[in-house]
Amino acid sequence: MKEFLIAPSILSADFARLGEEVDNVLAAGADIVHFDVMDNHYVPNLTIGPMVCAALRKHGVSAPIDVHLMVKPVDSMIASFIDAGASYITFHPEASEHIDRSLQMIRDGGCKAGLVLNPATRLDCLEHVMDKLDMVLLMSVNPGFGGQKFIPHTLNKLRQARQLIDASGLDIRLEIDGGVSVANIREIAEAGADTFVAGSAIFGADDYAATIAAMRSELAAVR
Ligand SMILES: O=C(CO)[C@@H](O)[C@H](O)COP(=O)(O)O
Ligand SMILES: [Fe+2]
């Protein structure tokens, strides 16, 4: 099993003070920055784009930036986020006409590539592209908004995805996104996740460091 990584979603940060919020959450012990990109087309919400990613790099953020693209089509945004300093770029298979080509584009740009599966999207779509993946991201809510409730059947899907990844022998992270909190992170890790996106649970707390420390202590108890 890989090292556990905690990835605060800046969707729940105070956008008016974004640089400071990212500095604070990294100082509080976060490992990577989860960056949600929404286009009001693939999902019914509109957020931030490559200029904001580049601005965070210019501000001095050196931690990995995990760009979750909820845009359709994706290829032009992949190119822009490679230039903007993304570390991971993940997209939804429904948003690309040529999944294999989009994944290759991300790797050719020097970033780590991943696919994001919605709660109702089958794991089958991973089958023919496993060797092009650095990350599989399972959504445990329908994409578009922070602060939603974790969908419990995602735990079974996580177990199945963990088996697929382990059987492949490839170096692929298994990330979970949506409704993750101190209360459920241990159960989610026991189902197979190694990378945990948490937006409202971290940015909605008064003390980011205490919340991240509480998550780590739950993860330390994983069987
Ligand atoms: O991609 C998304 C939502 O579409 C997420 O990254 C959310 O931002 C997670 O927020 P919480 O459920 O942790 O509040
Ligand atoms: Fe996300």
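Each ligand, and each atom within it, is numbered from 1 in the order the structure gives. Bear in mind that the values here come from a model prediction, so they are computed numbers and not experimental data.
Using modelled atom types and a 3.5 Å distance limit, the side chains of His98 and Asp75 yield no donor-acceptor pair. Side-chain polar atoms of Thr154 and Ser140 form no donor-acceptor pair below 3.5 angstrom. Using a 3.5 Å distance cut-off with no hydrogens or angles, the side chains of Glu175 and Tyr88 do not pair a donor with an acceptor. Between the side chains of Asp100 and His128, not a single donor N or O lies within less than 3.5 Å of an accepting N or O.
Every atom of ligand 1 is numbered from 1 in the order shown, and the set under 4.0 Å from a heavy atom of Val197 is 6 (O). Counting the atoms of ligand 1 from 1 in the order shown, those under 4.0 Å from a heavy atom of Gly178 are 12 (O). Against a heavy-atom cut-off of under 4.0 Å, Pro143 is close to the following atoms of ligand 1: 4 (O).
Electrostatic pairing of Arg223 and Glu190 counts as a salt bridge here, judged by a charged N lying under 4.0 Å from a carboxylate O. Salt bridge Asp31/Arg216: present, at least one basic N to carboxylate O contact under 4.0 Å.
With respect to atom 13 (O) of ligand 1, the closest heavy atom belonging to the protein is Gly199 N, 2.8 Å. For atom 12 (O) of ligand 1, the nearest non-hydrogen atom of the protein is Gly179 N, 2.8 Å. Regarding atom 10 (O) of ligand 1, its nearest protein heavy-atom neighbour is Gly146 CA, 3.6 Å. Among all protein heavy atoms, the one lying closest to atom 3 (C) of ligand 1 is Phe145 O, 3.5 Å. Of the protein's non-hydrogen atoms, Ser200 OG, 2.5 Å is the one closest to atom 14 (O) of ligand 1. From the protein, the heavy atom lying nearest to atom 5 (C) of ligand 1 is Asp177 OD1, 2.9 Å.
Closest to the Fe ion (ligand 2) among the N, O or S atoms of His34 is NE2. The N, O or S atom of Asp36 lying closest to the Fe ion (ligand 2) is OD1. Within Asp177, OD2 is the N, O or S atom that lies nearest to the Fe ion (ligand 2).
Taking only nitrogen or oxygen atoms, main chain and side chain alike, His68 reaches within less than 3.5 Å of ligand 1. Here's the thing with Val141: none of its N/O atoms is less than 3.5 angstrom from an N/O atom of ligand 1. Taking only nitrogen or oxygen atoms, main chain and side chain alike, Gly144 reaches within less than 3.5 Å of ligand 1. At least one N or O atom of Ser9, backbone or side chain, sits closer than 3.5 Å to an N or O atom of ligand 1.
Annotation for Met130 and Ile165: closest pair CE-CA, 4.1 Å, computed over non-hydrogen atoms.
Residue Asp131 qualifies as enclosed at atom CG: its count of foreign heavy atoms under 6.0 Å is above 12. Summarising the local packing, NZ of Lys112 is surrounded by 12 or fewer heavy atoms from other residues, nucleotides or ligands at distances under 6.0 Å.
The shortest heavy-atom distance from Gly147 to ligand 1 is under 4.0 Å.
Residues that satisfy the salt bridge (charged side-chain N to carboxylate O under 4.0 Å, His left out) test with Asp194, not counting sequence neighbours, are Arg162, Arg173.
Aromatic ring centroids of His68 and Phe35 lie 6.0 Å or more apart.
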